[in-house]
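I have placed the structure first, in the form of structure tokens, so that the comments after it can refer back to it.
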Amino acid sequence: MAEIAQVIVDVPTMQTNRPYTYQVPAQFDRQIQVGMRVIIPFGNGSRQVQGFVVGLDEQTEFDGELKSIISIMDLNPVLNQELLAMSQWLADSCYAFRISCMHTMLPNVMKTKTQRYLQIIDELSETDLFELFHGQDEILFDPENMPAETVSRLLKLKRQHQIEVTYALTDQAKAKFVTSIKPTMSFERYEEERSLLRASAKAQNKLLSFLQSILGKEMSLSEAKEITGLANSIFTTGEKKQWLEKDQLEVLRTPQTTLNSDNKVIPELTADQKVAVDAICESINQEKTAETFLLQGVTGSGKTEVYLRAIEETLSEDKTALMLVPEISLTPQMVTRVKGRFGELVAVLHSGLSNGERYDEWRRIERGEAKVVVGARSAIFAPLQSIGLIIMDEEHETSYKQDETPRYHARNVAKWRSEYYGATIVLGSATPSLESRARAQKGVYHHLLLPERINQQPLPAVQVIDMRQELRKHAESNFSTALLDAVKDRISRGEQSILMLNRRGYSSFIMCRDCGFVMQCPNCDISLTLHMDTHTMKCHYCGHEEGIPKICPNCQGHKIRYYGTGTQKVQEELQSLIPDAKILRMDVDTTRRKGAHEKLLNAFGNQEADILLGTQMIAKGLDFPNVTLVGVINADTALGLPDFRSSERTFQLLTQVSGRAGRADKAGAVIVQTFNPDHYAIKLAQHHDYERFFQTEMNIRHRGKYPPYFYTLQISVSHEEEVQAAKSIMEIAQFLKANLAATSIILGPTPKSIARMNRKYYYQLVIKYKQDNQLHSTLTQMMDQIQKQSRQGIQISIDPEPQHFI
DNA sequence: AGCACGCCGACT
DNA sequence: GTCGGCGTGCTC
């Protein structure tokens, strides 16, 4: 009986979101395994696409002519049973296509690039041959980058069957090889060869001794050249004389990290740490129990050491460990600390890796060479087997939720994997998300506390400055007298300060003083942001860019002025207020280039500047012993946002920056400037009072029927015409009202706060629900319906547990 | 997605 | 009359 394969094709649409059946040709019989990639014909014509084999059978229900698999792309499955099962779960829970989920779980290089070629199959006219084919019998077919007239002429020839389209799928997943050398003789034979040399042949002599020293080994040519200092030609001579063999050696593009041995010092545990480590280790040692711990520890309480001990225990049980950290915390120091403890067993996955490097790290994990994986969000899909421990540091971070499809939350994926393997989860944070803290309260998670800092240092005193008062005292400025004095004081003492600007909703724009005209993006409904470094106006949403006008485009007036506060403007103001201060600015503009981020932080660490001024990105995980002052320039810009999590965000951010001050032997101080000094999030952050904040916020969430009491789900639609988008979301709302449980609540529909983006209008609604068995099927049904309208330009997206409501 | 089929306006 | 516009349906 011939083999039959079930294949998920690489065509991300609703209609193709299911397995297709293919014949396994005789030459591939018993060579194909579930989880491998294959190339298959799909659709009319001879179109070829990539696919993933998800099942193998002897027979099929499908009663039509089966097409055959064209080729196999892998020697081994790239998705194992676990990941395959997970892709299905992920697709269901995120309302995403299965193929999109599969690609999300794999390195980018697993995606094939499709190229189309046109081949002449019949005699062409002289003109066509030369004008279209340049005298060749095959050309690349790339309609996007060809003149429309050329394309139509080519298509016409195709219709007349004079030429045909061929497909070439290129697999980018290629291992990297270098030339290597291998000794071919025995020690004695080399001695013999040496005796035959003339005395002047010094280089050859050297090569012979070198080959003797690496008997039985294989080494890359470049490394051999480096060690011996011999030229390429000597090795070529050696090859000719058959002293050595050249070969292709596979190398892993593992990024180099320097390991300094002083990281090997393993600190003593405090009593609290010991309690935590013991509890976690006990769970790790229990087979097949998926338990979750919430490790709540103030900044500097030594959470990382607890993680490292837990990983150690996991490895000793012959299991693997996964440690997630937010992208911005994935600093070289952090990586060095883990590598210092577990060395070569560690694989690191972060956004700075090239596709090739990422692929190589992925394979180290997949082959079992790496047993500890450290990485940002997508590292949750690392192909580790027999996972014993999953750690999520800073578990409250919103970056754990992917904001494009599939919109998964790494925490949920962690939970799934932990149940699959019976692994232990450790969620760590100084300010846990309300969801997690509430689960700990209910006993769903084990709650572990690290209430004290390692060095017994008190948390820094936080001073809140009422900016409304400040404004009354003196002219408009971003700096209160208190903050300015404090900064000057640090400079005079040779200490450093960190100043944070809450960037959100706080960018610079230009406005005409005469008519009030504000420059807007022609594609999106938002103001353009001023960028002084490039002297342009940019749209932060679609990337649109144009010059700065000198006269008002609306009233032709000359009174165009800058408004708003960007880091750059604040830097200028600060510089004029404290002329001799050395200020380092860190924001998206100064860190765009690769490595710029690190460079800036190193410069600051080496005390090349007095002040580090930046956006949220400076709040996380940085540890500078000489920093004794942290200032928050505008604490409350997030508070004004129409998002039920804005208080939580503000509290978390303030608590986090506070932790940056005075971590070493010097006492630290924090100054927070705000227009809402009485807001509970700010007051409770001032007193480092997480528990009170938790209680207060829970009450508010309870009253408002928000998470963690209710689940949320956002549906948004977009269309080029506003009426169409509005009509569509109204229909959806109607449909949902008729089909959802009575306890479910629909908010909206409303236009999105940025109602137009990239020439499209956006409308949304939010469903709040406690338990709704009909929800999933209703939404699936709805997606099906809407998909039929997709030809008319309606686009829909479902976001379970959205992190941003604006 | 991307390809073919099929039905309408405006050109040699 | 035919060419080519794009709306519609389908892909094992």
Side-chain angles (χ1 to χ4, degrees), chain A residues 1-25 28 32 34 36-72 91 96-104 110-119 127-128 140-170 404-406 719-721 724 783-797:
Chain A
M1 193 77 220
E3 254 188 319
I4 303 278
Q6 299 294 330
V7 178
I8 298 286
V9 295
D10 191 2
V11 181
T13 64
M14 190 108 251
Q15 303 104 70
T16 53
N17 189 27
R18 59 195 170 81
Y20 283 80
T21 317
Y22 282 85
Q23 190 74 246
V24 177
F28 297 143
I32 295 185
V34 167
M36 281 181 175
R37 295 174 302 154
V38 289
I39 293 173
I40 38 152
F42 192 67
N44 299 338
S46 51
R47 191 178 165 207
Q48 293 178 11
V49 295
Q50 190 190 32
F52 288 87
V53 178
V54 293
L56 289 167
D57 301 293
E58 293 283 281
Q59 52 196 37
T60 173
E61 312 266 276
F62 181 74
D63 62 342
E65 189 101 345
L66 289 185
K67 289 186 180 175
S68 285
I69 287 171
I70 294 171
S71 65
I72 313 179
F97 306 128
R98 183 129 184 238
I99 190 67
S100 313
C101 295
M102 289 170 151
H103 280 308
T104 303
M110 297 274 171
K111 234 187 247 168
T112 47
K113 286 229 159 71
T114 310
Q115 285 193 311
R116 287 178 294 173
Y117 292 92
L118 293 174
Q119 234 175 10
T127 22
D128 285 341
L140 186 69
F141 184 44
D142 183 13
E144 305 284 288
N145 298 307
M146 283 172 160
E149 199 241 329
T150 311
V151 175
S152 78
R153 278 172 71 188
L154 287 168
L155 288 175
K156 188 171 173 186
L157 288 172
K158 191 182 143 231
R159 257 178 275 119
Q160 293 164 348
H161 301 288
Q162 301 209 56
I163 60 177
E164 84 186 345
V165 188
T166 55
Y167 293 78
L169 303 200
T170 41
E404 40 195 76
T405 48
H719 195 274
E720 287 191 7
E721 283 165 60
Q724 290 301 313
M783 286 289 262
D784 243 12
Q785 290 288 312
I786 293 287
Q787 192 63 32
K788 297 201 171 99
Q789 300 173 42
S790 69
R791 290 284 171 176
Q792 284 103 58
I794 284 280
Q795 283 191 329
I796 181 163
S797 99

Taking atom P of B/dG2 as reference, at what distance in whole Å does atom CZ of A/Phe141 sit?
11 Å
Spacing of A/Met146 atom CE and A/Phe141 atom CZ [to the nearest 0.5 Å]:
6.5 Å
Can A/Phe62 be called stacked on C/dC12 when the rule is centres closer than 5.5 Å and an angle between planes below 30°?
yes
Of the options B/dG2, B/dA1, C/dC12, whose atoms approach the side-chain atoms of A/Thr21 most closely?
C/dC12
Which pairs count as salt bridge (charged side-chain N to carboxylate O under 4.0 Å, His left out) when at least one residue sits in residues 37-50 of chain A, sequence neighbours excluded?
A/Arg37-A/Asp74, A/Arg37-A/Asp171
More than 12 heavy atoms of other residues, nucleotides or ligands under 6.0 Å from CD of A/Glu720: yes or no?
no
Report the residues that fulfil ring-ring contact (aromatic ring centres under 6.0 Å, His included) with A/Tyr22, sequence neighbours left out, ordered by chain and then residue number.
none
With sequence neighbours excluded, residues passing side chain to side chain donor-acceptor pair (under 3.5 Å) with A/Gln119:
A/Glu138
Between CD of A/Gln48 and C1' of B/dG2 the distance, given in whole Å, is 14 Å
When you get a sec, tell me which of B/dC3, B/dA1, C/dT11 is the closest nucleotide to the side chain of A/Arg116?
B/dC3
Nearest-Å distance for atom pair CG/C1', residues A/Asp10 and C/dC12
16 Å
Roughly, in whole Å, what's the span from CD1 in A/Ile39 to P in C/dC12?
16 Å
Can you give me the closest heavy-atom contact between A/Ile70 and A/Ile40, atom names plus distance?
CD1-C, 4.0 Å
Which whole-number value in Å describes the distance from A/Asp57 CG to C/dC12 C1'?
13 Å
Return the minimal non-hydrogen interatomic distance between A/Leu66 and A/Phe62, and the atom names on each side.
CD2-CD2, 3.6 Å
Both A/Arg47 and A/Lys158 contact DNA chain B. Taking the nearest nucleotide for each, which residue is further toward the 5' end?
A/Arg47
Taking protein heavy atoms under 4.0 Å as touching, what does nucleotides 3-10 of chain C look like 5' to 3' if B marks base contact, S marks sugar-phosphate-only contact and - marks none?
-S---BBB
With rounding to the nearest 0.5 Å, note down the distance linking CE in A/Met102 to CD in A/Gln50.
10.5 Å
Quick one: side chain to side chain donor-acceptor pair (under 3.5 Å) partners of A/Tyr20, sequence neighbours excluded?
A/Arg18
Between B/dA1, B/dC3, C/dT11, which nucleotide has the shortest distance from any of its atoms to the side chain of A/Lys67?
C/dT11
Starting from P on C/dT11, measure out to CD on A/Glu65 and report it in whole angstrom.
14 Å
Give one of base, sugar-phosphate or nothing for A/Pro19, where a contact means two heavy atoms less than 4.0 Å apart.
nothing
Counting primed atoms plus P, OP1 and OP2 as sugar-phosphate and everything else as base, spell out the protein contacts along nucleotides 6-12 of chain B at 4.0 Å heavy-atom distance: B, S or - for each nucleotide, 5' to 3'.
-------
Tell me the interatomic distance from A/Ile32, atom CD1, to C/dC12, atom P, rounded to whole angstroms.
16 Å
Strictly below 4.0 Å: does A/Tyr22 bring a side-chain N or O up to OP1 or OP2 of C/dT11?
no
Inspect the surroundings of CD in A/Glu65 and state if more than 12 heavy atoms from other residues, nucleotides or ligands are less than 6.0 Å away.
no
Rounded to whole angstroms, how far apart are CZ on A/Phe97 and P on B/dA1?
8 Å
